[in-house]
Amino acid sequence: MAWKTLDDIDLAGKIVLTRVDINVPMDDGRVTDATRIERIVPTVKDILAKGGKPVLLAHFGRPKGKPVPEMSLRHVVPALDDELGLSVTFVERPDRESLDALPEGSVVLVENTRFTSMETDNDPRMAQFLASLGDVYCNDAFSAAHRAHASTEGVAHLLPACAGRLMQAELTALEVALGNPARPVVAVVGGAKVSTKLDLLGNLIEKVDMLVIGGGMANTFLAAQGIDVAASLCEHDLGDTAREILAKAKTTGCEVILPSDVVVAKEFAANAKSSTVPANAVPAGTMILDAGPNSVARVKEAIDKAKTLIWNGPLGAFEIEPFDTATNAAAEHAAARSASGELISVAGGGDTVAALNRAGAADRFTYISTAGGAFLEWMEGKTLPGVAALEQG
Ligand code: 3PG
Ligand code: MG
């Protein structure tokens, strides 16, 4: 790998500016899922163990360049204290002198970097200011690495820079899944809309051996092949694009697996009366809400053949029962094969982790990314500015 790690730079007595992503979901002032906080703990502890002083930089929400009290990182401090097992010093306006004055062993959290638009503009003055606060820059925020902001990109060029432990783990897992994977590779891509995943599908059909398309976006592919999807969610205007993707898959030798049978209902509601029909016989007035059992069997077969699996997006309307059936069954199958060492499985992006958690499958996957948008952009084959800056730095 072309980037340095915490092992490559002497941290003793240094202030280590550490970009983390603790953009966690909150409800009523309480963190409802602390996963992203848990995952930065090894980096913070490692910096402390090496005699460095971690000064954490992070964003929270999208305050649009102004202080917004509800988006203060102050609200995340109790959860951060819990996960780290120490008391974090929260600083609204950091200056070098005060940071130097804090005793060894201190961990500092700086207020939301997005309280000024200089952050999102990647203004060189902001990057300079951040650099003046520390001696070393460590980026542990893979899930924000698709943003070229002052704290994720600009500052990386101004100090000795390295990847934190989570960044390292994310990049290593992604390299294993798509960079240089054990073959065959199967990708499972689901979710509502094709329009958000065109680049991703285009990149995957060049890289993977089998591509399972599920969720609402599969309907667009079925319709593109002349199938009447009745009242289903479908981007009818993307027919040409869908046909192009299928044609390109033929030339790259990527086998595309679309649903052969589907679960339909008249309404999108929990426990709505549903039936299973062939994908080319969707009754008028009904909508496709999940893949059927024959489709699931084909997905499982693909997973059985594969040595590597990359998963993004649910196969059906997983939020409501019983339309989580296909997602749960395929996820369980992948989890079991991963647990027995037959499969390397990597999942991430948007709803994916929620769907796999719901299926009770997430902990047996080989790797679960903390990233949403960054995971998608990486699957699209794009260069992530936060990662690229580390490679040069
Ligand atoms: C995320 O939650 O996906 C990351 O923290 C990035 O946030 P953003 O989409 O607001 O840049
Ligand atoms: Mg996002």
Side-chain angles (χ1 to χ4, degrees), residues 17-27 31-41 43-44 56-68 70-77 79-80 83 109-123 126-127 130 138-156 163-164 166-167 169-171 173-174 191-193 196-197 199-200 311-313 346-357 362 367-380 382-390:
L17 288 178
T18 308
R19 181 52 158 101
V20 292
D21 186 354
I22 48 176
N23 193 25
V24 287
M26 298 249 289
D27 190 23
V31 174
T32 54
D33 178 358
T35 307
R36 281 181 168 172
I37 301 178
E38 284 164 24
R39 301 278 286 272
I40 61 158
V41 170
T43 297
V44 178
L56 309 182
L57 305 174
H59 72 282
F60 191 44
R62 291 178 178 168
K64 305 213 167 87
K66 288 194 289 290
V68 176
E70 308 84 77
M71 294 183 201
S72 170
L73 275 170
R74 191 182 292 284
H75 306 303
V76 182
V77 170
L80 195 55
E83 295 299 335
L109 174 65
V110 175
E111 181 59 291
N112 195 340
T113 50
R114 290 187 184 172
F115 278 3
T116 161
S117 58
M118 289 164 90
E119 160 75 334
T120 45
D121 292 345
N122 199 2
D123 190 315
M126 168 101 168
L130 293 175
C138 168
N139 191 344
D140 209 28
F142 173 76
S143 48
H146 57 320
R147 309 293 181 210
H149 294 171
S151 71
T152 60
E153 204 276 341
V155 65
L166 175 57
M167 175 69 92
E170 296 269 5
L171 293 175
L174 296 181
K193 288 187 169 177
T196 58
K197 297 203 175 164
D199 292 345
L200 186 150
W311 187 315
N312 171 258
V346 175
D351 278 347
T352 313
V353 180
L356 297 182
N357 274 329
Y367 192 78
I368 300 279
S369 176
T370 55
F375 189 87
L376 293 179
E377 288 201 22
W378 176 84
M379 274 180 96
E380 290 168 0
K382 293 203 176 121
T383 302
L384 307 183
V387 177
L390 287 183

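None of the values given here were measured: they were computed from a predicted structure. Atoms within a ligand are numbered from 1 in the order they appear, just like the ligands themselves. Residue numbers start at 1 and run along the sequence shown.
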Looking at non-hydrogen atoms alone, which of His146, Arg62, Arg36 comes nearest to atom 1 (C) of ligand 1? Arg36

So does Thr370 get a backbone contact from the side chain of Glu170, meaning a donor-acceptor N/O pair under 3.5 Å? yes

For ligand 1, which atoms have a heavy atom of Asp21 less than 4.0 angstrom away? 4 (C), 5 (O)

Provide the number and element of each atom of ligand 1 under 4.0 Å from a heavy atom of Arg147. 8 (P), 9 (O), 11 (O)

Would you check if there is a donor-acceptor pair between the side chains of Thr152 and Arg19 at a distance under 3.5 Å? no

Between Phe60 and Arg36, is there a cation-pi geometry (under 6.0 Å to ring centre, at most 45° from the normal)? no

So is Arg114 in contact with ligand 1, going by heavy-atom distances below 4.0 Å? yes

His59 and its side chain to side chain contact (heavy atoms under 4.5 Å, CB included) partner, picked from Val20, Leu73, Thr120, Asp21: Asp21

Within the 4.5 Å heavy-atom criterion, are Trp378 and Val387 side-chain neighbours or not? no

Ser143 contact mode with ligand 1 (heavy-atom cut-off under 4.0 Å): backbone

